[in-house]
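Let me begin by presenting the structure, written as structure tokens, before commenting on it.
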Amino acid sequence: MDIDEKLWDEKVKPNFLRMRQSAQIAIDKAKQGDLSAIRSLAADFKGLSKSMDGIRESFMDTLDPHTKKTYFSLLKRNRVTTGNIVDTIISWWKDDE
């Protein structure tokens, strides 16, 4: 359990915060027509997913039921959104690229 909490504090939580900041910047840039930042978020999502792989289920059991339910709801939405982003980026490439 101590390892999970340390991992959360040192790796996962900072990744969440950086991704949130990056997403906000990317959205602002996209509204101005610059899509480069949005494209780079796909790699960030993949990195965040790998960070989350390090959290054991026992850590989730320490959360109150509301927080746990909210987390899994957001995780599901994130997976759908990430899948849409990846599908969109892949569709930009031609077969010979």
Side-chain angles (χ1 to χ4, degrees):
M1 190 69 73
D2 290 337
I3 293 170
D4 288 339
E5 290 181 33
K6 183 178 179 184
L7 178 65
W8 176 266
D9 285 334
E10 292 181 2
K11 188 171 182 179
V12 180
K13 185 177 176 184
N15 280 351
F16 273 135
L17 297 176
R18 280 192 300 272
M19 284 207 46
R20 180 174 183 238
Q21 182 180 21
S22 294
Q24 289 169 333
I25 292 168
I27 289 168
D28 290 341
K29 286 184 177 184
K31 287 178 181 177
Q32 298 171 8
D34 179 0
L35 300 178
S36 61
I38 288 283
R39 290 180 187 129
S40 71
L41 280 177
D44 292 342
F45 280 121
K46 188 167 187 163
L48 179 63
S49 174
K50 293 220 177 274
S51 292
M52 294 305 294
D53 289 344
I55 298 179
R56 296 186 196 125
E57 290 182 20
S58 60
F59 178 78
M60 297 306 288
D61 291 338
T62 66
L63 300 176
D64 65 86
H66 174 72
T67 301
K68 190 173 179 178
K69 180 179 178 183
T70 301
Y71 168 80
F72 283 112
S73 173
L74 292 172
L75 179 63
K76 181 178 178 182
R77 187 179 340 160
N78 180 40
R79 285 184 175 155
V80 169
T81 302
T82 303
N84 290 339
I85 291 170
V86 169
D87 290 345
T88 300
I89 292 170
I90 288 172
S91 73
W92 293 338
W93 292 322
K94 296 182 175 96
D95 289 338
D96 61 346
E97 291 182 316

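The structure displayed is predicted, hence computed values, not measured ones. By convention here, the first residue in the shown sequence is residue 1.
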Only one of Lys76, Lys69, Lys68 passes side-chain contact (heavy atoms from CB on, under 4.5 Å) with Phe72, and that residue is Lys68
According to side-chain hydrogen bond (donor to acceptor under 3.5 Å, both in side chains), who are the partners of Ser73, at least two apart in sequence or on a separate chain? none
Test of understanding: with side-chain hydrogen bond (donor to acceptor under 3.5 Å, both in side chains), list the residues that count as partners of Asp87, not counting sequence neighbours. none
Using atom types as modelled, flag every donor-acceptor pair under 3.5 Å from a side chain in residues 19-32 to any protein atom, sequence neighbours excluded.
| residue | atom | partner | partner atom | Å |
| --- | --- | --- | --- | --- |
| Ser22 | OG | Arg18 | O | 3.0 |

Of Thr81, Thr82, Thr88, the residue whose pairing with Ile85 passes side-chain contact (heavy atoms from CB on, under 4.5 Å): Thr81
Is it the case that Asp64 and Thr67 place a side-chain donor and acceptor less than 3.5 Å from each other? yes
Verify same cluster id: Leu74, Val80 (apolar side-chain graph, 4.5 Å): no
